[in-house]
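Model, not experiment: these values are computed from the prediction. Computation of the quantities below employed the complete heavy-atom set of this structure, encompassing side-chain atoms and omitting hydrogens, waters and symmetry-equivalent molecules.
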Amino acid sequence: SVSLAGINVGTNAITSPGTLTLGGPSSGNYSLIGASGLVLINPLPVSLTGTRPYDGSSLINASLLSAETNYDGTNLGLAGSAPLQAADAGLESITNFGALTLTGSAAPNYTLNQASGAVTISPLPLTITLSNASKTYGQTANLKATAFSVNGSLFGSQVITSVVSISAGTVASAPVSGSPYPITASGAFGNGGFNAANYQITYNPGALTVF
């Protein structure tokens, strides 16, 4: 290693050969005493990471991003926003850095050229509560796929249109003594771009009463 006059981006003079040694068959013809030299330091491409809940958007705001390659702490900042590969929950790559800007006194030491980055989008909590139902003993009950309510945020035109509901009490032989039977659900399906994988869905059971 050598000692430099500075560590900023650009040309920096070598002030001391440090731990450098000369080698090779001709090394005796040279000396490091009084030696001089220059080192060119290039800006460091940033590597960005971030996390946020699913919100239906394929953009990430700079306030949610941080530079893994930041050696200057609060002296390096970031402004603007960036597009992601997709809006879905999971690990989504940043596809374009053109609308981002490096800020702070350390910004000249870094560059968005050849930058990389990805954002982890977490599923959004959503609760589906099954409606109660009833039937007469000896009859077979057909549970409605639309008998539920939704508590939580669905983005844009997304809507849940049906769920898969099951209950042991739907068969004709289900005795009154076992009533009420829990109605459980899974497999939420919807329209308008709804994707169940973007939500952390909790299904609250309903009750099937047999008279």
Exercise. Is it possible for you to say whether Leu112 and Val9 belong to one hydrophobic cluster, with membership spreading through side-chain heavy-atom contacts below 4.5 Å?
Key: no
Quiz item: Where do Ala188 and Ile201 come nearest, in terms of heavy atoms and distance?
Solution: CB-CD1, 4.0 Å
Quiz item: Mind checking whether Leu154 and Leu126 have side chains closer than 4.5 Å, heavy atoms only?
Solution: yes
Quiz item: If two hydrophobic side chains count as joined below 4.5 Å and joins carry through other members, does Ile183 share a cluster with Val176?
Solution: yes
Exercise. Return yes when atom CD of Gln200 has more than 12 non-hydrogen atoms of other residues, nucleotides or ligands closer than 6.0 Å, and no otherwise.
Key: no
Quiz item: Taking a hydrophobic cluster as the set of Ile, Leu, Val, Met, Phe, Trp and Tyr residues connected by side-chain heavy atoms closer than 4.5 Å, whether directly or through intermediates, do Ile94 and Leu64 fall within one such cluster?
Solution: yes
Exercise. Assess the side chains of Asn151 and Thr127: does a donor N or O sit below 3.5 Å from an acceptor N or O?
Key: no
Quiz item: What is the distance from atom CG of Leu65 to atom CD1 of Ile60, rounded to the nearest 0.5 Å?
Solution: 5.0 Å
Self-check item: CG (Asn142) with more than 12 external heavy atoms under 6.0 Å
Solution: no
Exercise. Quick one: sort the Tyr199 and Tyr54 rings into parallel, tilted or perpendicular, breaks at 30° and 60°.
Key: perpendicular
Quiz prompt | Short side-chain to backbone donor-acceptor contact, Asn132 and Ala207, under 3.5 Å | solution = yes
Exercise. Report yes or no: does Thr209 contribute a side-chain atom to a donor-acceptor pair with the main-chain N or O of Ser134 at less than 3.5 Å?
Key: no
Quiz item: Is the backbone N or O of Ser131 less than 3.5 Å from a side-chain atom of Lys144, with the two atoms forming a donor-acceptor pair by type?
Solution: no
Quiz item: Once you round to the nearest 0.5 Å, how far does CG of Asn42 lie from OG1 of Thr111?
Solution: 10.0 Å
Quiz item: Mind checking what makes ring pair (Phe, Tyr, Trp, His ring centres under 6.0 Å) contact with Tyr181, not counting sequence neighbours?
Solution: none
Practice problem: Find the distance between CZ (Arg52) and CG (Leu59) and round it off to the nearest 0.5 Å. | Solution: 8.0 Å
Quiz item: Side chain of Ser179, backbone of Val210: donor and acceptor closer than 3.5 Å?
Solution: yes
Exercise. Evaluate the side-chain proximity of Asn113 to Phe97: yes if any heavy-atom separation is below 4.5 Å, no if none is.
Key: no
Exercise. State the OG1-CG distance between Thr51 and Leu91, to the nearest 0.5 angstrom.
Key: 11.5 Å
Quiz item: Sub-3.5 Å donor-acceptor pair from the side chain of Ser93 to the main-chain atoms of Thr95, do we have one?
Solution: no
Quiz item: Strictly by modelled atom types, are Asn109 and Tyr71 linked by a side-chain donor-acceptor pair under 3.5 Å?
Solution: no
Quiz item: Has the side chain of Asn70 got a donor or acceptor atom that lies under 3.5 Å from a matching backbone atom of Gly73?
Solution: yes
Quiz item: Is there a donor-acceptor pair under 3.5 Å between the side chain of Ser47 and the backbone N or O of Thr69?
Solution: no
Quiz item: In terms of hydrophobic clusters joined by side-chain contacts under 4.5 Å, are Leu20 and Leu22 together?
Solution: yes
Exercise. Determine, using the 4.5 Å side-chain heavy-atom cutoff (strictly less than), whether Leu48 and Leu44 are members of one ILVMFWY cluster.
Key: yes
Quiz item: Taking the side chain from Thr202 and the backbone from Ile128, do they hold a donor-acceptor pair closer than 3.5 Å?
Solution: no
Quiz prompt | Separation of Thr170 OG1 from Gln139 CD (nearest 0.5 Å) | solution = 12.5 Å
Quiz item: Under the 3.5 angstrom rule, does the side chain of Asn198 hit a backbone N or O of Ala89 as a donor-acceptor pair?
Solution: yes
Self-check item: CG on Leu208 to OG1 on Thr184, rounded to 0.5 Å
Solution: 11.5 Å
